[in-house]
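Working notes, beginning with the structure itself.
We name chains A, B, ... by the order of the sequence lines, and we start the count at 1 in each one. Quick caveat, the model's predicted, so the values are computed rather than measured.
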Amino acid sequence: MTGEPKTPDKFTVINELARRRCFYWQSYEIYGGVSGFVTYGFLGTKLKQNIEKKLRELFVNKLGVLEIESPVIAPSKVFEASGHVGHFKEPMIECLKCKRRFRADHLLREFAEIKESEAEKLSLKEVKEVIENRGIHCPECGGTFGEPKYFLTMFKTTLGPYSEAVGYGRPEAAQGIFVEFKHLYEMTREKLPFGVIQIGHALRNEISPRQGLIRLREFTIMDLEFFFDPEEPNCFILKDFENETLRLVLAENKLHGSEEIVEVAVKEALEKGYIKAEWQSIFMALAKKLLIDLGVPAEKQRFIEKLPWERAHYAVQSFDQEVYVERWGWVEVSGHAYRTDYDLKRHMQFSGTDMRVFKRHEKPVETEQIVVKPLMAKLGPVFKAEAAKVAKMLSEADPKEVEVSIRKNGYYMLGKHKVLQEHVEIIRQKIKERGKRFIPHVVEPSFGSDRLVYIALEFAYHVKDGRAILSFPREIAPVQVGVYPLVTKDGLPEKASQIYETLINEGFIVECDETGSVGRRYARADEIGIPLGITVDYQTLKDNTVTIRDRDSWKQVRSRIERLPELLHKYFRWKVDFEDLGQSFER
RNA sequence: GCGGCCGUCGUCUAGUCUGGUUUAGGACACAGGCCUUCCAAGCCUGUGAUCCCGGGUUCGAAUCCCGGCGGCCGCACCA
């Protein structure tokens, strides 16, 4: 590609490396490739699995969150209820002269002073009428507009071969959790708070996905829905996180055109009202931890609050976690939305299934209720045919108002009907409430798995003495150990393959390489980020020791072969220092 | 989806303007062998491109023309 710059940027270099060393590449290349789809090779797949494992450690295992797997395709009802059909379908309008496309609702807001919430309700025909009546022209070139059309960013399909039933590919995994809420809640023995996570593919028919792993049409999403009682929003593990600092860009500052980063402890962010839900602050702190574990230093991370019109339709507050990358600057890696009871409420309306949970009061609450009981024996003769209607109106009226009026005036006017004291009996009733029903609130951290893979690669990548090295944190490295005979003769290769076998049986991800010189093999290993290299040399034949080489410092230590499994477990699981793996070795 | 630039072995590229001199050349990488007592050394051999796809012009097209696909950048979009 001659159009490429002489010194390619990190994104380009990483994509080349990813392709060459089997991390990932664009799919369907033999047919010319299709943008927005990617295939992971064996190193990429492993790296992605390790990253997801890391997320599970932090968000799933320790918090007792439950993981489920639901279908990618859903009947249209699901996404009508969730509001996606309405919100993913943007009316677009094209200028006939300069061919630029605009969002029709944005134009209406700007030039016809129609509020966004109202503009959304307009049909295409109405949009067209407003554009014509107001004489709105292209703001760029003054040309006239063509027919407004919907652009749907969900993948649409039909369910069954001859069916008219519409289905959609899910644009997020969250709905798969919400629709199963009742069942999941019962299975967890009806306790709040509780969280459910789902890691799986999602589909969005992006207009122009052109940023490698950053924007895909089919991607892996990790949606965690955490349900809690809005009356008891306190997080019981807040203490563990309250001093963790977060770097926030607040909406109020954004309004004044500032992207100033406010660095505050979780505790302070809650006290000052920067973050509305306690649980959300915990997930943000965990998200920061996850990224640090993936190799992104805190100063390259921030959480940017979304302005009301930038937010998703379901959220009352949301922050995007962003990471600073070389090519594009700040890039979103996770979203943290306070979805309130929006989704469950909508599914309750659309499906008719009661999504409320029952909360038992500690003590039954006794309340006194005034009941106005119509005495039909008296009402009948007076109101005749109207009697039933009057009784019904009476039951809908405010009993307190009725009582006050009758006591004061001796009657109560129900429209044109005059109800006298003798027509009713006013009873004070004690009612025992054992609990109440409500819809839980939800905070949602949502990660893009593929973006994390790219971020991990970009932050691991550096060049030492002209060689590319991927310095992955040891827990996410796709290959853990390389085993090398120093030279390929005198029985060294045989010894190396024995060690290889042993380590494989111990459950390590190991690679054995005997081609070319040992220096070349080290270089290749560094390039795919293998943290440790074990070299069999002539000393090995004498005393059964090998050298262990550190990817990042290129230092070597010497240890006995029998101790390797134990030492490597310590290194990968308990994170002991490299220097503690053996005696320092100098050639 | 619009505009600009671009598309040749896995990668980087020579050749394209000025159609034939090239079985499309090189370097790196890769595979096999030799060598090699620790950081991409060297030598030999080999694999690998119907020049993005389709159509047209021509005796003849990687080269010229048209359409499509893909990439990068900008605009727009990104719940």
Side-chain angles (χ1 to χ4, degrees), chain A residues 1-6 8-9 11-13 15-17 19-22 25-37 79 82-90 92-95 97-103 106 120 139-141 149 151-154 171-172 174 204-212 214-217 306 309-315 318 320 327 331-332 335 337 446 448 464-469 484-490 492 515-527 533 535-541 546-547 549 551 554-556 585-587:
Chain A
M1 264 167 262
T2 51
E4 228 157 64
K6 282 278 179 279
D9 66 0
F11 175 75
T12 308
V13 170
N15 279 335
E16 276 169 19
L17 173 64
R19 199 189 146 66
R20 190 156 41 84
R21 302 308 307 270
C22 211
W25 55 87
Q26 191 185 28
S27 303
Y28 312 118
E29 272 178 350
I30 64 165
Y31 293 108
V34 184
S35 54
F37 296 94
F79 290 111
S82 71
H84 286 86
V85 170
H87 287 85
F88 267 59
K89 198 167 71 174
E90 308 294 359
M92 301 288 287
I93 197 158
E94 188 178 279
C95 170
K97 197 170 146 201
C98 69
K99 303 284 179 198
R100 272 182 241 266
R101 288 179 143 214
F102 300 90
R103 284 211 11 206
H106 288 185
E120 272 175 11
E140 291 296 324
C141 76
K149 279 181 208 157
F151 184 86
L152 185 73
T153 39
M154 281 198 291
E172 58 166 19
R204 296 182 190 182
N205 201 0
E206 299 283 357
I207 300 172
S208 97
R210 291 189 287 203
Q211 299 162 31
I214 302 295
R215 267 181 80 203
L216 295 169
R217 289 192 166 119
K306 293 264 187 171
W309 55 87
E310 296 171 331
R311 283 200 296 257
H313 57 275
Y314 45 69
S318 64
D320 278 355
R327 186 166 190 148
V331 162
E332 181 194 346
S446 171
K464 180 172 175 179
D465 293 357
R467 289 185 187 176
I469 300 179
Y484 320 104
L486 187 62
V487 291
T488 50
K489 59 180 186 185
D490 301 330
L492 267 51
T515 60
S517 70
V518 76
R520 183 195 226 33
R521 289 177 248 150
Y522 289 154
R524 271 205 293 246
D526 290 345
E527 202 184 35
T535 307
V536 172
D537 57 14
Y538 283 94
Q539 184 78 20
T540 309
L541 300 179
V546 288
T547 67
R549 172 185 179 273
R551 172 195 64 203
W554 298 357
K555 282 185 189 150
Q556 283 173 295
F585 166 74
E586 302 287 339
R587 290 186 307 281

Distance-only donor-acceptor test (3.5 Å): side chain [X], base [N]:
X: A:R467; N: B:C39; result: yes
X: A:R204; N: B:C78; result: no
X: A:Y484; N: B:C38; result: no
X: A:R210; N: B:G74; result: yes
X: A:Q556; N: B:C38; result: yes

Measuring to OP1 and OP2 of B:C38, would you say a side-chain N or O of A:T535 lies under 4.0 angstrom away?
no
Below 4.0 Å: OP1/OP2 of B:G70 and any side-chain N or O of A:Q26:
no
Partner nucleotide of [N] by Watson-Crick or wobble geometry (both distances under 3.5 Å):
N: B:U57; answer: none
N: B:C9; answer: none
N: B:G74; answer: B:C2
N: B:G42; answer: B:C34
N: B:A49; answer: none
N: B:U18; answer: none

Can A:T515 and A:R524 be counted as having a side-chain donor-acceptor contact under 3.5 angstrom?
yes
Any donor-acceptor pair under 3.5 Å linking the side-chain atoms of A:Y314 with those of A:S82?
no
Considering every strand and a 4.0 Å limit on heavy-atom distances, what is the contact class for [X]: base, sugar-phosphate, or nothing?
X: A:P171; answer: base
X: A:R20; answer: nothing
X: A:R19; answer: sugar-phosphate
X: A:A523; answer: base
X: A:R551; answer: nothing
X: A:Q539; answer: nothing

To the side chain of [X], which of [options] is closest?
X: A:R215; options: B:C78, B:A40, B:C38; value: B:C78
X: A:V487; options: B:A40, B:U37, B:C39; value: B:U37
X: A:T515; options: B:G32, B:U37, B:C38; value: B:G32
X: A:Y522; options: B:A40, B:U37, B:C38; value: B:C38
X: A:R520; options: B:C38, B:C30, B:C73; value: B:C30
X: A:R524; options: B:C30, B:C77, B:U37; value: B:C30

Do [Y] and [X] meet the salt-bridge criterion of a basic N to acidic O distance under 4.0 Å?
X: A:R21; Y: A:E527; value: yes
X: A:R204; Y: A:E172; value: no
X: A:E206; Y: A:R217; value: no
X: A:D526; Y: A:R549; value: yes

Say you pick atom P in B:A31 and the same atom in B:A41; how far apart are they, in whole Å?
13 Å
Between A:L541 and A:D490, which heavy-atom pair has the shortest distance, and what is it?
CD1-O, 3.7 Å
Take A:K489 and A:E332, find for each the nucleotide of RNA chain B with the closest heavy atom, and name the residue whose nucleotide sits nearer the 5' end.
A:K489
Name the residue closer to the 5' end of RNA chain B, choosing between A:T153 and A:T547 according to the nucleotide with the nearest heavy atom.
A:T547
